[in-house]
Amino acid sequence: MSGVRSKPPGTGPQTPQPALDTLLGGAAGDPLRRALWLDDLDRRLRPLLPPALAAHARLGNVDGGRLVLLVEAAVWHARARLAGPQILEAARSLGLDVTVLVVRTTSRPASPPPAAGPRSRPLSPHAEQALREAVTLLSTTDTDDRSGS
């Protein structure tokens with residue numbers, strides 16, 4: 001007989017644990033839990049920022065009493081510094097005990113660019129003619145239906 005023993009039935013987990021729960025379990029999940037917390041906090045903080053600044057800033061970190069805000073360009077850095085008291089008050093309204101605002105300029109946009117939709121192509125002359133004929137046919141059928149009722 002080998003040295004490996006099988007566990008008696010009923011001693012293991014009763015149901016499979018979802019992958020995210022497994023990933024978040026223990027100390028190994030701490031960075032992921034923190035990232036999810038910061039992402040949630042960013043979503044709640046942005047609507048409270050001045051409207052012009054909200055689209056160009058994102059929460060970078062909360063470290064003790066420091067709130068780190070990331071902005072896209074120097075102009076937004078200046079605006080964030082000017083709105084500092086308002087930003088700190090908004091963060092405090094979310095339950096954060098912050099006293100210092102740190103603004104950092106980054107090269108990455110605060111929000112991902114909107115997904116580009118499919119480009120429309122001009123109709124070929126044949127397709128344009130077929131479309132005109134279909135519109136004409138539909139409009140004459142529509143007027144015939146109205147006059148016949």
Side-chain angles (χ1 to χ4, degrees), residues 1-139 142:
M1 183 179 267
S2 69
V4 177
R5 291 180 152 186
S6 63
K7 293 182 181 179
T11 59
Q14 298 302 318
T15 59
Q17 193 175 16
L20 186 59
D21 290 342
T22 302
L23 184 61
L24 291 174
D30 288 347
L32 186 56
R33 276 193 296 275
R34 180 158 176 82
L36 291 171
W37 175 73
L38 286 171
D39 186 52
D40 177 59
L41 194 56
D42 179 52
R43 286 191 202 136
R44 292 187 301 149
L45 182 63
R46 277 199 202 194
L48 304 176
L49 296 177
L53 180 64
H56 302 280
R58 70 178 185 272
L59 179 66
N61 198 8
V62 177
D63 184 18
R66 294 175 8 152
L67 177 79
V68 180
L69 193 67
L70 303 174
V71 294
E72 295 176 350
V75 66
W76 299 113
H77 186 279
R79 289 190 182 187
R81 298 291 292 164
L82 288 172
Q86 182 183 354
I87 294 170
L88 287 172
E89 190 58 39
R92 287 186 201 113
S93 75
L94 296 175
L96 298 175
D97 186 23
V98 290
T99 55
V100 177
L101 175 66
V102 178
V103 182
R104 301 275 186 235
T105 304
T106 180
S107 59
R108 291 181 31 196
S111 304
R119 289 186 172 180
S120 60
R121 296 185 329 201
L123 293 176
S124 68
H126 179 72
E128 189 175 344
Q129 179 61 31
L131 185 60
R132 282 194 178 123
E133 289 173 3
V135 168
T136 304
L137 180 64
L138 287 173
S139 62
D142 189 36

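What you see below is based on every heavy atom in this structure, not just the backbone, and it leaves out hydrogens, waters and symmetry mates.
- In this structure, His77 contributes its side chain and Val103 its backbone to a donor-acceptor pair below 3.5 Å.
- Side-chain contact check for Leu88 versus Thr99: every heavy-atom pair is 4.5 Å or farther apart.
- Here the CZ atom belonging to Arg46 is positioned 10.5 Å from the NE2 atom belonging to His56, to the nearest 0.5 angstrom.
- Put simply, CG on Leu38 and CG on Leu45 are 11.0 Å apart, with the number rounded to the nearest 0.5 Å.
- In this structure, the separation between CG on Leu49 and CG on Leu59 is 9.0 Å, given to the nearest 0.5 Å.
- To the nearest 0.5 Å, the span separating CG on Leu69 from OG1 on Thr105 amounts to 10.0 Å.
- Taken to the nearest 0.5 Å, the CZ atom of Arg44 stands 7.5 Å off from the CG atom of Leu96.
- Partners of Ser93 under the side-chain contact (heavy atoms from CB on, under 4.5 Å) rule, at least two apart in sequence or in another chain, are Leu48.
- For the pair Ala80 and Val71, the tightest heavy-atom approach, listed with the atom from each and the gap, is CB-CG1, 4.2 Å.
- In this structure, Arg58 CZ and Arg104 CZ are separated by 13.5 Å, a value rounded to the nearest 0.5 Å.
- Checking side-chain atoms of Arg92 against main-chain N and O of Val98 turns up a donor-acceptor pair under 3.5 Å.
- Not one N or O on the side chain of Arg66 forms a donor-acceptor pair closer than 3.5 Å with the backbone of Asn61.
- When side chains are defined from C-beta on, Arg79 does not count as touching Pro50, because their heavy atoms never get closer than 4.5 Å.
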